[in-house]
2 protein chains.
Amino acid sequence: MRKEASRATGRPTLAEVAQLAGVSQITASRALRDVPTVDPVLASKVREASKALGYVPNPAARTLASARSQSVVVLVPALSNQLFIETLEAIHNVLRPRGYDVLIGNFHYSREEEEELIRNYLAIQPCGILLTGFDRTEVSLRLLEANKIPCVHMMELTKAEDVFSVGFSQEEAGAVVARHLLARGRRRLAYVAAQLDTRVIRRGEGFKRALAAAGVEALELAVPDPSSVGLGGELFDRLLRRHPDVDGIFFCNDDLAHGAIFEAQRQGISVPGRVAFVGFNDLPMSAHIVPRLTSIHTPREDVGKHAAHLMLTLLAGAEVRDRKIDLGFELVVRESS
Amino acid sequence: MRKEASRATGRPTLAEVAQLAGVSQITASRALRDVPTVDPVLASKVREASKALGYVPNPAARTLASARSQSVVVLVPALSNQLFIETLEAIHNVLRPRGYDVLIGNFHYSREEEEELIRNYLAIQPCGILLTGFDRTEVSLRLLEANKIPCVHMMELTKAEDVFSVGFSQEEAGAVVARHLLARGRRRLAYVAAQLDTRVIRRGEGFKRALAAAGVEALELAVPDPSSVGLGGELFDRLLRRHPDVDGIFFCNDDLAHGAIFEAQRQGISVPGRVAFVGFNDLPMSAHIVPRLTSIHTPREDVGKHAAHLMLTLLAGAEVRDRKIDLGFELVVRESS
DNA sequence: CCTCTTCAAGATAGCGCTGTCTCATCCGCT
DNA sequence: AGCGGATGAGACAGCGCTATCTTGAAGAGG
């Protein structure tokens, strides 16, 4: 009942694998972790033994011994929002097959809640953390720094050199929308935004700056509430009362634009006849709504995929070529503008 | 460097807490786990010491020693689908504050993939599993059985006695839709479905059975492809060609109905004038689309909440009153019917 | 041919916590 | 007063794995 004992669960242990392979336990351990100092002959013996027994390592034991788990934490500002789901799924698809557990933390657009999550999740000694954006508390930064955990930042890009990020330029996306609406001959342009996180704000800045460059003043209606279809209708109505002459609107998120389209339809306002709409994110519905919505297609899935691969590279201790991966975006012009 | 050593991470260990509280390590362990055999005086001393040191238990050590982790696995058939997000979020909101980690597995509507996930996730010795529905492979069932892991089933209900489930009657929901459309005077009724999982099928059966009871024959158009807005438009078009006299359609999911509304709008077909639409799930958009969509509001968030609480009860080893929690559903009648 | 280096394999010692058994204490009962 | 039985605290021994140090063998150089 000592060396070759199976686990409480009945599954075989590393000791059994080692015995079957005729090597020491530690050699078996190294072989299965692909430590390069192991003789290929022994390594393949170990792998065979492992397969024969149906060995599955115990993550808890591994974590305890190495002081580092096989878990990657992903912190996103929201789940309800369709937005991050595709990114999360892509991350899962990359990391799960490699044996990593993915833990999702939702900080509800709150820096404090994010800090709390970081604090809690550090207890499980994750081997890496995927973060959304760069806007976090000092304490959060210090915690991450102090624990020396590889971090990859998603959705935004930064000029900072020692930081890994995967995303696209929010400002530039806003600017592209501005230029598109100007090219359509629109001159009374507005930015309608909700859920004012840094990305929404940077998007709006890009938009306004591009307009200013063309000598056009930007109208703006921004509220901190969460983005939703219902809110989109409301904001459109409010904007229209305040500026009846508006002829082009950039919504910070497609769902706002969808709501606005419905509201316009109810009020008998022609889109794009009287006012052109441009959304952001290109949600699936945007290609089908009447009128089809012009939008910025964002590489949400690719952000997840690349961020996860970047994390794998960091975890492997390999050299990272590009610390900053710009995946770009695409303006998809449809009927609404 | 033995008993009172801090962890590699620098955080204090249970031994330090015990020393500060002047008790043995095991007593400290019991106090912090609320084992009832501990003197309340000692227990509060331990809690104070713990707080003073900022002690955070090491989950890996706990898992290794107890052969059971603090993780709850949740298996859902899809993430991309807005549907399960609210449920997942509710589960998170209940379990995270209690110190449980929530691991999400997406089996993409594949029984085999679910089996694979179960096999993999069992390695982390989860303390409980939340499952979607009852349709899984024999091997999956055996694995769950053999590992004696508490299971809670979501979204559907079963007559089986020894099973925990939280959901609502899919059949009854379908029947309610049928009766609603009949009450509106519609007689050429169709069920349009995609992603034919057991829930979608049961829904349709309830619908057709209720129609049959009224002597009305049900039309049907069902495809296995994933549900989407685009597909909804397509299916509506196809149905209309095949049965131009259809005057009422029950879509198995709101997004299909949304797509159909857009397609109807493009073809100049009046909804509900010529054909009434009823969706399922009552997604946020349904209250705003033109025309507003009649739908079955499903208690997705509540399912998550109740399932998580049921799991907590099971984990606490407490008595469970109701093994079957029927949360019902609500027909929300809007403009489309 | 022998020493010095190099490198792969093994022995050892925990990682931080909890299950289980043992032991002391105190109560109620005869 | 003495005894059995609760009851609560502690000792002990791992859980299954890996970091680290040590050892032994093989290869290089004089």
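Nothing here was measured: the structure is a model prediction, and the numbers come from that model. What's counted below: heavy atoms across the whole structure, side chains too, no hydrogens, waters or symmetry copies.
Taking atom CZ on A:Arg68 and atom C1' on C:dG16, their separation rounds to 17 Å, with Å as the unit. Between A:Gln25 atom CD and D:dA19 atom P there is a gap of 13 Å when expressed in whole angstrom units. The nearest whole Å value for the distance from the CZ atom in B:Arg62 to the C1' atom in D:dG14 is 18 Å. Straight-line distance from the CD atom of A:Gln125 to the C1' atom of D:dC17: 14 Å, rounded to whole Å. One atom, CG of B:Asn58, and another, C1' of D:dC17, lie 13 Å apart when rounded to the nearest Å. Between the CZ atom of A:Arg11 and the P atom of D:dG16 there is a distance of 10 Å, given to the nearest Å. With rounding to whole Å, B:Asp39 atom CG is found 10 Å from D:dG10 atom P. Atom OH in A:Tyr55 sits about 7 Å away from atom C1' in D:dC17, given to the nearest Å.
Taking every side-chain heavy atom of A:Ile26 into account, D:dT20 is the closest of D:dG8, C:dG16, D:dT20. In the set C:dA9, C:dA8, D:dC17, the nucleotide with an atom closest to the side chain of A:Thr37 is C:dA8. The nucleotide whose nearest atom lies closest to any side-chain atom of B:Leu14 is, among C:dA8, C:dA11, C:dT18, C:dT18. Taking every side-chain heavy atom of B:Ala65 into account, C:dT18 is the closest of C:dT18, C:dG10, D:dT18. For B:Leu42, counting side-chain heavy atoms from C-beta on, the closest listed nucleotide (D:dA9, D:dC17, C:dT18) is D:dA9.
With values rounded to the nearest 0.5 angstrom, A:Met155 atom CE is found 7.5 Å from A:Leu83 atom CG. Between the CD atom in B:Glu113 and the CD1 atom in B:Ile118 there is a gap of 11.5 Å [rounded to 0.5 Å]. In this structure, CG on A:Leu310 lies 11.0 Å from SG on A:Cys151, to the nearest 0.5 angstrom.
Look at B:Arg33 and you'll find a side-chain N or O under 4.0 angstrom from OP1 or OP2 of C:dG19. In this structure, B:Ser24 reaches the D:dG10 phosphate: one of its side-chain N or O atoms is under 4.0 Å from OP1 or OP2. A close approach under 4.0 Å does not occur between any side-chain nitrogen or oxygen of B:Thr27 and OP1 or OP2 of D:dA9. Taking side-chain N and O atoms only, A:Ser29 has a distance below 4.0 Å to OP1 or OP2 of D:dT18.
Each of A:Arg136, A:Arg119, A:His108 was checked for a side-chain hydrogen bond (donor to acceptor under 3.5 Å, both in side chains) with A:Glu114, and the lone residue meeting it is A:Arg136.
Taking the nucleotide of DNA chain D with the nearest heavy atom to each of B:Leu64 and B:Val38, the more 5' of the two is matched to B:Val38.
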- request: Verify side-chain contact (heavy atoms from CB on, under 4.5 Å) between B:Asn93 and A:Asn106, making sure each step is shown before the conclusion.
  value: CA-CA 9 Å; B:Asn93 290 344; A:Asn106 175 357; 5.9 Å; no
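Side-chain N/O atoms of B:Arg30 and base N/O atoms of D:dG10 include a donor-acceptor pair closer than 3.5 Å.
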